[in-house]
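Taking it in order: structure first as structure tokens, then the write-up.
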Amino acid sequence: MHQTNNTLPEDVWNNALEDFKTHLRFKSISTDSAYKQDVADCGAWLHAKFESMGLETQTYPTAGHPIVVGRTKADPNKKTVLIYGHYDVQPVDPLHLWHSDPFEPVIKDGKIWGRGTTDNKGQHLALILGVEKYLNEHEGELPVNVIFLIEGEEEIGSPNLKPFLEKHKEQFACDIIAVSDTGMVARNTPTLGYGLRGIACLEITVNAANADLHSGLYGGMVANPAQVVAKLISSLHDSNGKVAIDGFYDDVVELETWEKDMWTTVPDMDDTSLKTLLGVDELVGEAGYTPVERVWGRPTAEVNGIYGGYQGEGSKTVIPANAGAKLSFRLVPQMQPDIILAQAKAHLEQHCPAGVTLDIELGHSGNSYMCDPHSEFGKAGQEALRKTFNAEPVLIREGGSIPIIADFKEVLGTDSLLLGLALPDCQIHSPNENFHLANFRYGIVLVQNLLDELA
Ligand code: BES
Ligand code: MN
């Protein structure tokens with residue numbers, strides 16, 4: 001008997017919401033060391049949750065934030081499903097744009113608002129609570145072995161998880177991985193992701209004079225680092241929106257025709273809907289591809305931050321001594337992050353004018369991922385989505401990145417089903433992040449259907 005979306009008893013739902021709010025109140029911002037204890041506390045709460053469900057639970061400290069693992073008693077005759085998620089969240093700035101406290105969840109308009117509601121606490125908690133419900137209704141028995149692996153460093157590139165997996169490979173052997181940390185294209189449109197873009201980050205700093213200078217006394221005599229940063233950034237693209245770094249596209253695998261065709265049928269991903277969603281009157285990017293193709297199947301170069309010079313009120317006539325920018329590249333199969341970073345570094349050095357020094361610091365990176373949505377597991381994922389939402393799933397690739405998914409494939413040899421529940425208006429990484437409560441409920445139901453299908 002499959003579960004439908006209206007089979008949640010009221011007490012289950014109320015308890016689920018209480019757990020959700022508790023989970024959200026931890027300020028588990030992984031990138032900022034000021035929140036190290038909050039991250040640890042959040043992991044400890046998950047640990048206690050797993051124990052309360054009767055799972056074999058362990059928290060593994062790392063050089064950064066802890067990894068929390070909860071597993072059912074392993075039965076060698078059952079398939080094993082690893083469920084991955086992350087309990088760390090992005091920073092909340094700019095705080096003044098939030099309509100309510102990012103760490104004091106508010107329920108309004110059918111959504112729950114706060115940092116991490118969608119990315120990723122709401123999504124992985126729904127899966128945890130669905131498993132809890134299944135256990136409660138079946139005397140602690142599941143049709144498959146389940147291993148929960150919830151980490152605290154996804155938003156900073158999972159630096160410690162891959163080495164951890166390599167060390168504990170046997171303990172995480174599994175048949176399939178289930179992840180709800182990606183998008184759902186529209187309400188009530190179940191979405192199976194079969195690809196993720198990779199990522200490679202770097203930061204540039206440009207230095208010139210030994211101090212900020214009066215721009216009247218010295219302007220026209222020395223290089224201006226802010227202008228150099230602007231020049232370097234504008235050298236990254238040509239007039240067709242292509243990345244102008246030598247060799248950048250060398251390893252890019254072109255989109256397949258079936259994907260392009262399929263994507264034209266995906267709801268709410270047409271130009272008009274996207275313009276409305278994003279509040280722009282033109283969509284721009286690489287010539288020769290639709291917006292969705294550019295985001296799901298093509299590589300890009302982006303500026304994530306830029307600084308230099310005076311930012312305060314009014315004007316200040318100064319030549320800044322230094323300026324900088326944070327860049328990231330999104331990668332598609334078969335691009336290699338290390339190669340891209342080396343090419344980008346060479347490009348920036350070549351384009352850097354005289355009179356300044358350029359420092360390039362390479363940041364974190366991760367591989368792209370792609371699997372076959374029509375495999376046996378892919379079909380099981382589709383069927384679980386179909387039953388849960390009572391609608392035909394769409395198959396997409398994702399523009400975002402979850403680097404550990406490619407590492408799972410490399411280290412464990414296992415593919416991942418990306419069962420996204422994030423709607424386009426959920427504002428992840430942004431002020432007023434929110435999660436549709438309908439999707440929280442769907443997630444609880446989805447995992448139960450998934451376990452049945454996978455078994
Ligand atoms: N959950 C997101 C990734 C995502 C969101 C994929 C929506 C597809 C649709 C994840 O938490 C994330 O933000 N990843 C980072 C990766 C990084 C910091 C290494 C990203 O994509 O920027
Ligand atoms: Mn994220």
Side-chain angles (χ1 to χ4, degrees), residues 28-32 39 64-65 83-92 102 114-127 150-162 178-186 189 191-203 266 268-269 277 292 295-297 299-305 326-332 337 340-341 362-370 394-408 416-431 433-436 439 443:
S28 50
I29 303 170
S30 52
T31 196
D32 187 340
V39 180
H65 303 298
I83 299 178
Y84 165 82
H86 63 91
Y87 66 88
D88 64 320
V89 299
Q90 287 274 329
V92 296
R115 176 55 90 229
T117 44
T118 288
D119 190 7
N120 169 256
K121 289 174 176 174
Q123 294 194 75
H124 70 246
L125 185 63
L127 304 188
I150 315 291
E151 70 155 318
E153 299 191 308
E154 194 275 345
E155 299 292 4
I156 52 172
S158 306
N160 292 297
L161 186 49
K162 189 181 182 196
V179 183
S180 287
D181 191 26
T182 52
M184 180 165 149
V185 293
T189 306
T191 304
L192 180 68
Y194 62 93
L196 289 160
R197 287 199 290 184
I199 188 166
C201 302
L202 65 78
E203 187 166 348
V266 171
D268 290 6
M269 289 290 150
L277 172 75
V292 155
V295 170
W296 291 348
T300 52
E302 302 290 341
V303 181
N304 301 127
K326 291 176 190 279
L327 310 182
S328 63
F329 303 89
R330 295 285 169 168
L331 316 178
V332 299
I340 296 303
L341 287 177
L362 304 186
H364 65 76
S365 63
N367 280 310
S368 62
Y369 175 74
M370 182 108 114
V394 296
L395 310 179
I396 70 161
R397 292 205 229 164
E398 285 287 2
S401 307
I402 312 175
I404 201 65
I405 302 298
D407 298 336
F408 282 142
S416 294
L417 297 171
L418 304 171
L419 306 158
L421 298 170
L423 280 161
D425 66 353
C426 64
Q427 301 184 92
I428 55 175
H429 293 206
S430 179
E433 180 177 351
N434 63 85
F435 192 39
H436 289 240
N439 279 11

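All values below come from the heavy atoms of this structure, side chains included, with hydrogens, waters and symmetry mates left out. Ligands are counted one by one from 1 in listed order, and the atoms in each one are counted from 1 as well. Note that the numbering runs from 1 along the sequence shown for the chain.
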The atom of Glu155 among N, O or S that is nearest the Mn ion (ligand 2) is OE2

Metal proximity, His86 vs the Mn ion (ligand 2), N/O/S cut-off 2.8 Å:
no

Under 4.0 Å from one or more heavy atoms of Ile428, ligand 1 contributes atoms 5 (C), 7 (C)

Looking only at protein heavy atoms, what sits closest to atom 3 (C) of ligand 1 is Ser401 O, 3.6 Å

the protein heavy atom lying closest to atom 1 (N) of ligand 1 turns out to be Asp181 OD1, 2.7 Å

Counting from 1 in the order shown, the ligand 1 atoms closer than 4.0 Å to a non-hydrogen atom of Gly183 are 9 (C)

For atom 22 (O) of ligand 1, the closest protein heavy atom turns out to be Arg330 NH2, 2.7 Å

Quick check: does Thr182 get an N/O under 3.5 Å from an N/O on ligand 1?
no

Atom 8 (C) of ligand 1 has as its nearest protein heavy atom Glu398 OE1, 3.2 Å

Looking only at non-hydrogen atoms, the one of Met184, Glu154, Glu302 nearest atom 12 (C) of ligand 1 is Glu154

Row for the Mn ion (ligand 2): angle NE2 (His429) to OD2 (Asp119), 10° precision, value 90°

The closest protein heavy-atom partner of atom 18 (C) of ligand 1 is Glu155 O, 3.5 Å

In ligand 1, the atoms that come under 4.0 Å of a heavy atom of His86 are 11 (O)

Of all protein heavy atoms, the one nearest atom 19 (C) of ligand 1 is His364 CE1, 3.4 Å

- Message: Could you tell me if the side chain of Glu155 sits less than 4.5 Å from the side chain of His86, heavy atoms only?
- Response: yes

